[in-house]
Amino acid sequence: MKQDTFSLGGKKFHSRFILGSGKYNVELIQAAVEHAGAEMITLAVRRANSDGEGNIMDFIPKGVTLLPNTSGARNAQEAVRIARLSRELGCGNFVKVEIMRDSKYLLPDNQETVKATELLAKEGFAVLPYMYPDLNIARDLVHAGACAVMPLAAPIGSNKGLATKEFIKILIDEIDLPIIVDAGIGRPSQACEVMELGAAAVMANTAIATAGNIPQMASAFRKAIEAGREAYLSGLGRVRETGGEASSPLTGFLRD
Amino acid sequence: MKINGVQKEYPEYLSVSELLLLEGFQKGRVAVELNEEIVAKDTYDEVMVKDSDVVEIVSFMGGGSR
């Protein structure tokens, strides 16, 4: 069977599970990455502190691609500043553009996201914009030079699941870039459903970080994502709107 | 000078390398902005900071979003 991979910024990935690294005890990150089988992990850029607390870079397994985010940015200009700093940290040119003005629902600002994507793509970044699933904006992001589109399933950190399903499906059908569903996915079954729809990958953080057993939940997500992907590739069986249809032969019954 | 939002007193002109050492940071783990301009890592020994400067020293932290 042909290897099932997808590419981002010229790099090939086998795993379709992107893991966020927030809200964990750093010592659990390694186990989470390993159980998730993740090849890409997101990180934030913040003012450094020298208080001797473990540096997250010591806990990320070798060979995992870093996806710094621009969290904390309120407009395109701030996102560009954070992205440049993240690149200066010396771990590649990937960036997840994440721009929020709203502090209650933490919804992304789509317009500013398009602006930042365009500026950063011109500077040679591999840009993965986090966005509210809107087809017109997704098209703008394609033109702006994004290498994937990351629509939200539900508000960040909510674990509420696939609230935007119909709109994500439209992006999957119409946009010729990997669609990576990010934010709000709370359970493995939801991650599986996203993959069945044809998403290229799923990103999750809170679902794992707030689970009872972090490595075990990372593993459950990995399996669900793989199952959903396999189901998508195999083509789902048809739905019969009314009535049933026997799967067993309708002859040779033990009667009469 | 202002370092990560905190006013600090350093007696004399320092290079970025010396400042990082005094502040307890490893060069390889941080990125530095001097008055909102990124300082390239290979110039840390030559670039000097002065009292009126605003310095930001950043690193990676755990983060999914926000």
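No experiment lies behind these values; they were computed from the predicted model shown.
In this structure, A:R84 does not pair ionically with B:E33, as no charged nitrogen and carboxylate oxygen lie closer than 4.0 Å.
Within 6.0 Å of NZ in A:K160 there are 12 or fewer heavy atoms belonging to other residues, nucleotides or ligands. For CD of B:E37, the number of neighbouring non-hydrogen atoms (other residues, nucleotides, ligands) closer than 6.0 Å is 12 at most. At most 12 heavy atoms of other shown residues, nucleotides or ligands fall within 6.0 angstrom of atom NZ in A:K223. Other residues, nucleotides and ligands contribute more than 12 heavy atoms inside 6.0 Å of the CD atom of B:E46. Other residues, nucleotides and ligands contribute only 12 or fewer heavy atoms inside 6.0 Å of the CZ atom of A:R187. The neighbour count for B:F25 CZ, taken as heavy atoms of other residues, nucleotides or ligands under 6.0 Å away, is above 12. Counting non-hydrogen atoms of neighbouring residues, nucleotides and ligands closer than 6.0 angstrom, the OH atom of B:Y44 exceeds 12 such neighbours. The 12-atom threshold is not exceeded at CD of A:Q77, counting heavy atoms of other residues, nucleotides or ligands nearer than 6.0 Å.
We find the OG-CZ distance between A:S86 and B:F60 to be 5.5 Å, quoted to the nearest 0.5 Å. B:S59 OG to A:I56 CD1: the interatomic distance, rounded to the nearest 0.5 Å, is 9.5 Å.
Side chains of A:D58 and B:R29 form a contact here, defined as non-hydrogen atoms less than 4.5 Å apart.
Heavy-atom pairs under 4.5 Å with chain B peak, among A:M57, A:K23, A:R87, at A:M57.
If you measure heavy-atom distances from B:I38 to chain A, the contacts under 4.5 Å come from the side chain alone. Only the side chain of A:L66 comes within less than 4.5 Å of a heavy atom in chain B; its backbone stays farther off. For a residue to count as touching a neighbouring chain, one of its non-hydrogen atoms must lie under 4.5 Å from one of that chain's; by this rule B:E56 touches chain A with the side chain only.
No donor-acceptor pair closer than 3.5 Å links the side chain of A:E88 to the backbone N or O of B:V32. When atom types are taken as modelled, the side chain of A:R46 and the backbone of B:M61 share no donor-acceptor pair closer than 3.5 angstrom.
The minimum heavy-atom distance between A:L89 and B:V30, with the atom names listed, is CD2-C, 3.3 Å.
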